[in-house]
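Below is one structure; the comments refer to it alone.
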2 protein chains.
Amino acid sequence: MKFESQPSYSLGQRTPASREVAAGENGGNVTLVSQSALGAINRGRVLQALYDNGPKSRADLARLAGVNRTTITGIVQPMIEDQLLVEGDASPSDVKGGKPARPLYFNPDAPMLGAVLLLPGTIQTCLVALTGEIKAVAKAEFDTHGETEAFIAVMTETLTATLSQAQQAPFGIGVASAGMIDSDNGTILTVNLAPVLTGLPLVAILQERFSLPVVIDHHPRALLVGDRWFGPGRGQQNFAAVYTGEVLGGAFFIDGKVYRGLAGSGGELGHSVVQIDGALCNCGKHGCWETVAALPWLRKEAARLSFPHPKSVTCARLVKEADEGSKAAEELLDRYTRNVAFGIVNLQQTLSLNSYVLHGDVAGGGMKAAELIRQHIEQLVVKRPGQEISITVNGIGEGHTALRGAAGLVLSSHLKLVI
Amino acid sequence: MKFESQPSYSLGQRTPASREVAAGENGGNVTLVSQSALGAINRGRVLQALYDNGPKSRADLARLAGVNRTTITGIVQPMIEDQLLVEGDASPSDVKGGKPARPLYFNPDAPMLGAVLLLPGTIQTCLVALTGEIKAVAKAEFDTHGETEAFIAVMTETLTATLSQAQQAPFGIGVASAGMIDSDNGTILTVNLAPVLTGLPLVAILQERFSLPVVIDHHPRALLVGDRWFGPGRGQQNFAAVYTGEVLGGAFFIDGKVYRGLAGSGGELGHSVVQIDGALCNCGKHGCWETVAALPWLRKEAARLSFPHPKSVTCARLVKEADEGSKAAEELLDRYTRNVAFGIVNLQQTLSLNSYVLHGDVAGGGMKAAELIRQHIEQLVVKRPGQEISITVNGIGEGHTALRGAAGLVLSSHLKLVI
DNA sequence: AGCAGTTAGTTTGTACCTCGCACAAACTTA
DNA sequence: TAAGTTTGTGCGAGGTACAAACTAACTGCT
């Protein structure tokens with residue numbers, strides 16, 4: 001029998017710029033699941049279930065995962081021997097009768113996670129325990145326009161100071177960085193305001209110096225992962241993290257996985273268009289969400305409305321002044337939160353994640369700002385039956401959230417959540 | 001050792017409407033991969049690789065999937081015995097020397113796929129071969145406001161007429177339907193203009209009558225799946241299908257999987273906001289993308305600009321008139337495609353899928369419309385290095401694309417692509 | 001013609017994983 | 001004290017992927 005080359009019902013035509021995938025190049029990313037990978041995957045999933053749900057007995061885990069009890073035993077036993085997990089005291093069973101369950105959880109003395117937050121001009125490092133506790137924080141500054149070698153020296157020194165305080169080698173090092181990051185290759189593409197970092201293969205460098213697994217991702221995605229492991233996103237399978245401030249950004253957790261997009265892009269929400277031919281944006285386009293929902297807009301409006309010290313207006317300040325009875329603050333807050341809502345509305349219409357965690361300036365406004373945003377979204381979104389939209393803030397602790405996120409990056413890659 | 005209930009670094013607070021997942025309910029969807037499931041998964045992936053890449057030898061498949069040749073043999077041998085696959089003639093090896101490869105591909109006499117396209121008032125059914133060929137098309141009409149029983153009778157009759165022409169039992173039946181669909185539960189939620197379908201558990205009904213696997217999904221998602229299996233999306237891991245017409249819709253293929261969102265929602269792009277406080281939309285909100293990029297807008301503009309027969313203006317007609325030298329048509333076409341571009345720009349900023357397949361009215365404009373849209377997008381999107389955006393049209397054959405999509409739904413579920 | 005070299009596909013044995021069954025341990029209830 | 005219930009653990013069965021070794025088939029050089 002002879003086959004024709006490739007039966008083609010691709011009736012459409014492609015524009016010239018289209019990628020040539022028809023030749024079957026892209027088919028290369030078909031991957032089968034190997035036997036050994038399966039073990040690693042299931043081990044990771046058990047750990048994640050344990051992490052998401054808190055201390056649980058083997059039997060509970062088996063029920064949760066829908067597998068045999070013996071399977072769980074086989075998975076957790078080596079981990080107990082490795083001192084990663086510990087068996088708790090028999091808890092009085094909630095059901096009547098039966099042998100009491102022995103809950104399992106992470107060993108408080110288990111290795112910690114190294115975390116680095118890299119912003120233009122400053123490095124922050126710390127250790128994060130699996131409980132989310134932050135220890136051994138160190139800070140340093142670097143010359144944003146200096147020599148690469150100098151930066152690496154500062155980074156190494158700071159990180160060494162932090163890591164040396166760990167009882168035992170940490171699981172790995174997670175780096176959250178501002179700017180454009182190629183997380184697949186572990187390099188920093190560009191960071192505005194810090195040209196010294198351009199093109200830096202930071203993962204390779206740190207991996208070599210510390211002989212530990214190193215992962216890097218950009219700031220919003222670190223916030224997302226931090227939420228997933230240590231914050232309001234814990235245990236959730238679908239949610240988004242939204243950052244507002246001088247710029248706007250976002251990151252998505254979709255179907256139990258961090259969405260990274262092609263080459264680590266995606267989530268550049270700030271430059272989605274909410275006002276065709278609207279105000280000019282820093283990016284050179286018009287009507288980006290960033291032109292109406294970031295701090296510059298808020299401060300310009302505050303100036304126009306003759307607020308005192310408009311340059312220092314924040315969401316937190318507006319909430320405070322509104323609570324103190326300022327009508328003007330209340331109105332501006334309402335407009336601000338409405339503008340923020342539009343971006344989330346578009347996200348909701350597109351992906352229907354239903355759950356959003358706010359960071360940055362708007363998170364400073366706390367529950368009140370979140371509730372205002374939620375109400376605006378409710379009014380702006382086309383509602384589906386049974387759909388509830390949840391808005392959460394995670395703004396307390398500021399940099400700590402990002403540091404936990406960096407640590408979470410290590411967890412995510414360590415547990416091989418991706419299949 | 002005693003564990004605290006659940007260490008909580010969820011510093012944030014939740015708005016009242018938030019779902020209570022913190023209790024660990026949601027953790028229930030942790031699933032381990034069982035050994036037997038692994039076999040099914042890998043079998044599905046091999047078939048998909050074969051499908052996406054055309055006839056391939058065992059050795060090629062092994063290389064493509066990065067597994068041992070023996071593994072491939074073990075997987076395909078039973079399929080050859082089942083007559084699903086056939087071995088082709090030894091093709092002269094492209095490299096010098098060595099035993100010539102025996103390409104494998106789907107048996108032309110393999111079972112076909114049943115497909116149903118359900119629109120208000122009309123049912124269309126057909127058989128789709130694995131090559132994409134369409135056979136045994138049948139059509140029928142039904143009373144949109146009539147009795148449920150009457151509709152079921154028409155549906156059964158039409159489908160029976162089609163299925164009876166198959167040589168052997170098809171793999172399953174796929175249904176593409178207008179309206180809101182709960183694909184998880186296989187029921188039609190609501191269809192505008194066809195109240196008779198409201199709440200109909202169509203999957204259960206058809207499954208019982210025909211004793212075959214039945215899947216249902218809504219129209220845009222069927223187009224997406226049709227593109228993935230039989231159209232320009234073949235072999236791609238990330239792309240979106242965008243439908244324009246009286247309404248706008250979209251569906252996404254993300255990381256090799258159809259994105260379904262929670263309860264099958266997601267992709268309701270038509271009501272994302274591109275013009276804050278813009279024109280009133282049918283949905284009751286303002287400034288939806290639908291208000292500037294759907295046919296009603298186009299026709300209103302055509303009327304305003306005194307086009308002849310403005311009610312029958314389509315993208316195809318504009319392209320034709322522009323080609324014939326009409327400046328007015330060219331200008332309106334430019335504005336129309338620019339408006340369409342905005343929605344895709346927002347999608348691109350959000351998910352960075354980089355590849356879009358157009359359906360519906362705008363697809364009628366062919367390459368020219370696609371190229372215009374691509375150019376507008378290029379101008380409106382914040383470009384990342386190395387990023388190329390591809391716009392493809394798949395408008396020829398109209399209903400046939402949707403029917404192939406319905407068939408593709410069966411393939412997708414049959415091959416257990418979801419893990 | 002003959003032999004080395006190369007590639008495709010198969011056979012055989014091994015390692016790994018999950019599952020079901022049986023059983024001991026530990027606790028409640030009557 | 002006896003029966004019932006639940007937890008956690010050995011052990012063998014079944015299924016899957018992999019590595020090594022083998023046969024088959026073709027090319028090219030001598």
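Naming convention: chains lettered A, B, ... in sequence-line order (proteins, then strands); numbering from 1 in each chain. Side chains included, hydrogens not; waters and symmetry mates left out as well; all remaining heavy atoms used. Note that the structure is predicted; figures quoted are calculated from it, not measured.
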> Which of these nucleotides, dC19(C), dA19(D), dG9(C), is closest to any side-chain atom of T70(B)?
Replying inline: dA19(D)
>> What is the distance, to the nearest angstrom, from the NZ atom on K56(A) to the C1' atom on dT7(D)?
In response: 15 Å
> Could you give the CG-to-P distance, from D89(A) to dG8(D), as a whole number of Å?
Replying inline: 13 Å
> Taking CD1 from I41(A) and P from dT16(D), how many angstroms apart are they, rounded to a whole number?
Replying inline: 16 Å
> In whole Å, what is the span from the CG atom of L38(A) to the P atom of dC18(D)?
Replying inline: 12 Å
> Do the charged groups of R260(B) and D217(B) touch, with an N to O distance under 4.0 Å?
Replying inline: yes
>> Does the plane of the ring in F239(B) sit parallel, tilted or perpendicular to the ring in F253(B)? Use 30° and 60° as the thresholds.
In response: tilted
> Would you say a side-chain N or O of N42(A) is under 4.0 Å from OP1 or OP2 of dC17(C)?
Replying inline: no
> Just wondering, are more than 12 heavy atoms of other shown residues or ligands nearer than 6.0 Å to CD in Q77(B)?
Replying inline: yes
> Which heavy atom of Y105(B) sits nearest a heavy atom of Y51(B), and at what distance?
Replying inline: OH-O, 4.0 Å
> Which nucleotide sits closest to the side chain of A59(A): dT7(D), dG9(C), dT10(C)?
Replying inline: dT7(D)
>> Whole angstroms only, please: what is the CG-P distance between D60(A) and dT7(D)?
In response: 7 Å
> Within the modelled atom types, does a donor on one side and an acceptor on the other bring the side chain of R69(A) and the base of dG8(D) under 3.5 Å apart?
Replying inline: yes
> Should N68(A) be listed as having a side-chain N or O under 4.0 Å from OP1 or OP2 of dT18(C)?
Replying inline: no
> Just how far, in rounded Å, is P of dC27(C) from CZ of R102(A)?
Replying inline: 10 Å
>> If I take atom CG in residue L61(B) and atom P in nucleotide dT7(C), what distance separates them, rounded to the nearest angstrom?
In response: 18 Å
>> For N185(B) and T187(B), which I'm curious about, is there any donor-acceptor pair between the side chains at under 3.5 Å?
In response: no
> Is any side-chain nitrogen or oxygen of T71(B) closer than 4.0 Å to OP1 or OP2 of dC18(D)?
Replying inline: yes
> What integer distance in Å separates Q77(B):CD from dT11(C):P?
Replying inline: 8 Å
>> For dT18(C) and R43(A) - does any side-chain N or O of the residue sit under 4.0 Å from the phosphate oxygens OP1/OP2?
In response: no
> Just to confirm, is there a sub-4.0 Å distance from OP1 or OP2 of dG9(C) to any side-chain nitrogen or oxygen of R58(B)?
Replying inline: yes
